[in-house]
There are 4 protein chains.
Amino acid sequence: MNENRQNIICATERLLQTKGLAQMTTRNIAREAGVAEGLIYHHFKDKAELIHEVVEQRMHVAKNILEKLPLQVGLRKVNENLEEVLQVAYDSHYQIIPIICSVFADHQLQISIQKIMKERELGPQLAIETLALYLAAEQRLGRIAGDVLPLSAAKLLWMVAFQLALDDQFMGRKSDLSRAREDIREAIGTILIALEPRLTVKQKTNLKKRSKS
Amino acid sequence: MNENRQNIICATERLLQTKGLAQMTTRNIAREAGVAEGLIYHHFKDKAELIHEVVEQRMHVAKNILEKLPLQVGLRKVNENLEEVLQVAYDSHYQIIPIICSVFADHQLQISIQKIMKERELGPQLAIETLALYLAAEQRLGRIAGDVLPLSAAKLLWMVAFQLALDDQFMGRKSDLSRAREDIREAIGTILIALEPRLTVKQKTNLKKRSKS
Amino acid sequence: MNENRQNIICATERLLQTKGLAQMTTRNIAREAGVAEGLIYHHFKDKAELIHEVVEQRMHVAKNILEKLPLQVGLRKVNENLEEVLQVAYDSHYQIIPIICSVFADHQLQISIQKIMKERELGPQLAIETLALYLAAEQRLGRIAGDVLPLSAAKLLWMVAFQLALDDQFMGRKSDLSRAREDIREAIGTILIALEPRLTVKQKTNLKKRSKS
Amino acid sequence: MNENRQNIICATERLLQTKGLAQMTTRNIAREAGVAEGLIYHHFKDKAELIHEVVEQRMHVAKNILEKLPLQVGLRKVNENLEEVLQVAYDSHYQIIPIICSVFADHQLQISIQKIMKERELGPQLAIETLALYLAAEQRLGRIAGDVLPLSAAKLLWMVAFQLALDDQFMGRKSDLSRAREDIREAIGTILIALEPRLTVKQKTNLKKRSKS
DNA sequence: AATGAATGAGCTTTCATTCAT
DNA sequence: GATGAATGAAAGCTCATTCAT
């Protein structure tokens, strides 16, 4: 059944997140999924194919995290919008990181996953671009500074969410959204200083305009 | 001999970086180090102890990367100083990442390494603090904006170097310092907008007054 | 259906001949026969029963290869008759050998097949006896030497066809009837020297005397 | 140690002969050799390499079976010499056949062994040629008929030994030298009629006539 | 009759670790 | 200190067989 297939995929992801790649043995996967070991090979050519599926599904979900962000343009405060968005990104990264990092242990696996991510465009690119579009829109509304490159700022913001999740995972801290929120707020705060409209800058341009007219 | 001991440590690190944790077998280590497999167990209780040593040495080196940064305070342009510093950090991270990330594959190993890093304070903390001290010093000199938290900005800058290296490693790109430099410059550019002193007319005049007095 | 049953048997034989016993898995049989794996177990108790059927059918066909040979007694030249017969035997053996030899890999299978062949008299015995009868008949016609044991000569001739086929199969040579024919001719040539009537002068005169009386 | 290496090779050959390829598992080999399963892979790259070694050693021994035959030229009776030689050949074949035939079960194995046998000239060629040389020498002494091709006759004789051993193995008969000797004698008898100098035939008939008159 | 998902025993192979030399 | 033969547990994977549909 397709039911068991998905069952196995989920069990594998759970193992990757909780016990790590080394414990993600076919034996453990079968036990976790409550099926016989042989069934894995009925649904997947080999273990690599199973892992690919896990990565693909998880990355596919992550890819579209920010699709609703454009609806927020102009609403609430910019930093509130960003905080909320980065918190979701943090959460998503917290789940993805054990998978992504485990892959470094096995170069062959790493290469095949690189290939899949390139072919299916599963990287962070889409999310970052969505974020950049949002920033550009706010820029047009004058809600953030005009002299900032939206894509560059979006990269930085996305990195923040990733880095916080990585730090927590690496140091074995549970996903703690309220603490993460604090860190996110702090980082956004620093970046937003760059993004905030420069009153002084405006004044400068105003002065220039006046001098031209 | 201590010579062979260090030999084995270096061989292990080389394997971790080039072939990944999965290929870091005792057989491969012995071959790479040019010693017998059994010798490993004369110098190390077990494989975990060897990896601990590898991580410890590498992190120890990384920890002190920025120790010469304070000497640059007030010299050259701030963004030049930061670019140079982040490039070194990128380079260091590019080497460390395969080691650090591989560890995610084995939770037991991860936990024991977490412990070591906490006990010996081997994390990025020191480097970030050094960077923050530098920023604070430049802040005092008025070379960067006064309304920025140096520690928060330092974290962001450090993160940039780490994330660029991670991205390159994950996507299987060779360490390319000239391209990395571009990315670093762009990110610093965006952050520096936040850090740049706000040169309003009033501030300028204030500065002039102070320098006169 | 009986159709599917025979289908499976033929698919199994094809696999045995082309890929060997090791590749004769239930999965491959099902694929080759174009049926579901489970269907095999509706028609046969287990894999052994299926193989028995394959061997039985193939050996049954082989057994009666020479049934038309007696019609040739006294016609054409003896060596021509033998060459033709051995070529057919070679061809038959070329097909049988991969099946028969594979069986050596599994002693249980070998034993059960030995039993079947004894019970149903599926060995080369009948063919050899047919050949011996032919030789005896030709001997009575004076077309081959009188001091030869027909059964012994028949065994030798049969052996030639078998061994040539075995040699070709073992060395991975395609069944090449024209080359086989050469080898057969050579071997028959040597054996026939034994079989040829000793036409010394005295014997000739003796024969003439007897025919006159 | 080399001791254990040879140990494993012999255990493998014993298993091949007594239980067949299917039972020649690494587990059984290790048990039969009285070593740990892992040790097999210390001495051999994989199972195939081990089997190659087994085949090579066994065939190498077989290759030189007849090396002392040339010393018998002109001594004793020809059929006595041949009987003795074929008996040794039978014995050798009886051991080799389970190995050779098992190989048909696994095409990959078969191909790799074909390659080895070609490269190292491990086939029956040498033995057959030695036998042919002997026959040619006896031919020159006038002890066998002059109109026979020695190589062709040698092939036939060699086949006899092989076929008898194969029949016995296939039908699960123990190696029975005394019975084999009977069969060999019978076959040689028939072939020797071809090989016997024809002059004796003439003389015999002359003698018979005289005794009749 | 026919399917193919599901099982689990058993295979080959790898690898950290030990130990006699 | 140094070697490498030896161990045995555990890995990924295959396959004959069963069974619900």
Side-chain angles (χ1 to χ4, degrees), chain A residues 1-5 7-8 22-30 33-50, chain B residues 1-5 7-8 22-31 33-51, chain C residues 1-5 7-8 22-31 33-51, chain D residues 1-5 7-8 22-30 33-50:
Chain A
M1 290 293 293
N2 251 349
E3 198 189 326
N4 260 337
R5 193 186 142 89
N7 208 349
I8 291 168
Q23 289 297 311
M24 195 201 68
T25 65
T26 49
R27 199 157 303 207
N28 284 346
I29 292 169
V35 299
E37 222 175 326
L39 189 60
I40 295 171
Y41 294 89
H42 193 79
H43 290 297
F44 305 93
K45 193 178 114 269
D46 55 13
K47 219 180 127 184
E49 194 177 290
L50 167 57
Chain B
M1 292 294 294
N2 250 351
E3 196 188 330
N4 262 337
R5 192 186 142 88
N7 211 347
I8 290 168
Q23 290 297 311
M24 195 202 68
T25 64
T26 48
R27 172 184 288 216
N28 282 347
I29 292 170
R31 188 183 302 161
V35 299
E37 223 174 326
L39 188 58
I40 295 171
Y41 291 85
H42 269 280
H43 290 299
F44 305 93
K45 190 178 117 261
D46 55 14
K47 229 179 110 181
E49 194 176 290
L50 167 56
I51 302 180
Chain C
M1 292 291 295
N2 248 351
E3 196 190 329
N4 263 336
R5 193 185 142 87
N7 210 347
I8 291 168
Q23 290 296 311
M24 195 201 69
T25 63
T26 48
R27 172 184 287 216
N28 283 347
I29 292 169
R31 188 182 303 163
V35 299
E37 224 175 326
L39 189 59
I40 296 171
Y41 292 85
H42 270 278
H43 291 298
F44 306 94
K45 192 179 113 257
D46 56 13
K47 228 179 111 180
E49 195 176 289
L50 167 57
I51 302 179
Chain D
M1 289 293 292
N2 251 352
E3 198 189 326
N4 260 337
R5 192 186 143 89
N7 209 347
I8 290 168
Q23 290 295 312
M24 194 201 70
T25 64
T26 49
R27 199 158 302 205
N28 284 345
I29 292 169
V35 299
E37 222 174 330
L39 188 58
I40 295 171
Y41 294 87
H42 193 78
H43 289 298
F44 306 93
K45 192 178 114 270
D46 55 14
K47 220 180 128 186
E49 193 176 289
L50 168 57

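Every chain is numbered from 1 and lettered A, B, ... according to where its sequence line falls, protein lines coming before strand lines.
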Novice: On a heavy-atom basis, which atom in R5(B) and which in H43(B) lie closest, and how many Å separate them?
Specialist: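 Looking at all heavy atoms of both residues, the shortest contact is NH1-O, 3.1 Å.
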Novice: Which heavy-atom pair separates A30(C) from A36(C) by the least distance, and what is that distance?
Specialist: CB-C, 3.9 Å
Novice: What is the per-nucleotide protein-contact pattern of nucleotides 13-21 of chain E, from the 5' end, where B denotes a base atom under 4.0 Å from a protein heavy atom, S denotes such proximity for sugar-phosphate atoms only, and - denotes neither?
Specialist: BBSBBB---
Novice: Just the rounded figure in Å: distance from C1' of dG1(F) to CD1 of I8(B).
Specialist: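 Going from I8(B) (CD1) to dG1(F) (C1'), I get 11 Å.
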Novice: Starting from P on dT12(E), measure out to CD on E49(D) and report it in whole angstrom.
Specialist: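 After rounding, the reported distance stands at 16 Å.
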Novice: What is the distance from atom CG of L39(C) to atom CD1 of I8(C), rounded to the nearest 0.5 Å?
Specialist: 4.5 Å
Novice: For dA6(F), does OP1 or OP2 lie under 4.0 Å from any side-chain N or O of N4(D)?
Specialist: yes
Novice: To the nearest angstrom, how far is F44(C) atom CZ from dA16(F) atom P?
Specialist: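 Distance, rounded to whole Å: 15 Å.
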Novice: Rounding to an integer number of Å, can you tell me how far R5(D) CZ sits from dA5(F) C1'?
Specialist: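 Taking atom C1' of dA5(F) as the reference, CZ of R5(D) is at 14 Å.
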Novice: Treat a base pair as Watson-Crick or G-U wobble with both distances under 3.5 Å, then lay out DNA chain F in dot-bracket form, 5' to 3', with | for cross-strand pairs.
Specialist: .||||||||||||||||||||
Novice: Without decimals, in angstroms, what is the distance between R31(C) CZ and dT3(E) P?
Specialist: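 Taking atom P of dT3(E) as the reference, CZ of R31(C) is at 15 Å.
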Novice: Mind checking what makes side-chain contact (heavy atoms from CB on, under 4.5 Å) contact with T26(A), not counting sequence neighbours?
Specialist: E37(A), I40(A), Y41(A), K47(A)
Novice: Less than 4.5 Å apart, any side-chain heavy atom of N4(B) and any of H42(B)?
Specialist: no
Novice: Does N7(C) have any side chain to side chain donor-acceptor pair (under 3.5 Å) partners at least two apart in sequence or in another chain, and if so, which?
Specialist: none
Novice: Go nucleotide by nucleotide along DNA chain E from the 5' end; which of G34(A) and A36(C) gets its closest nucleotide reached first?
Specialist: A36(C)
Novice: Please report, rounded to the nearest Å, how far the P atom of dG4(F) is from the CD1 atom of I40(B).
Specialist: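 Between P of dG4(F) and CD1 of I40(B): 13 Å.
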Novice: D46(C): what forms a side-chain contact (heavy atoms from CB on, under 4.5 Å) with it, not counting sequence neighbours?
Specialist: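 For D46(C), the residues satisfying side-chain contact (heavy atoms from CB on, under 4.5 Å) (neighbours in sequence not counted) are A48(C), E49(C).
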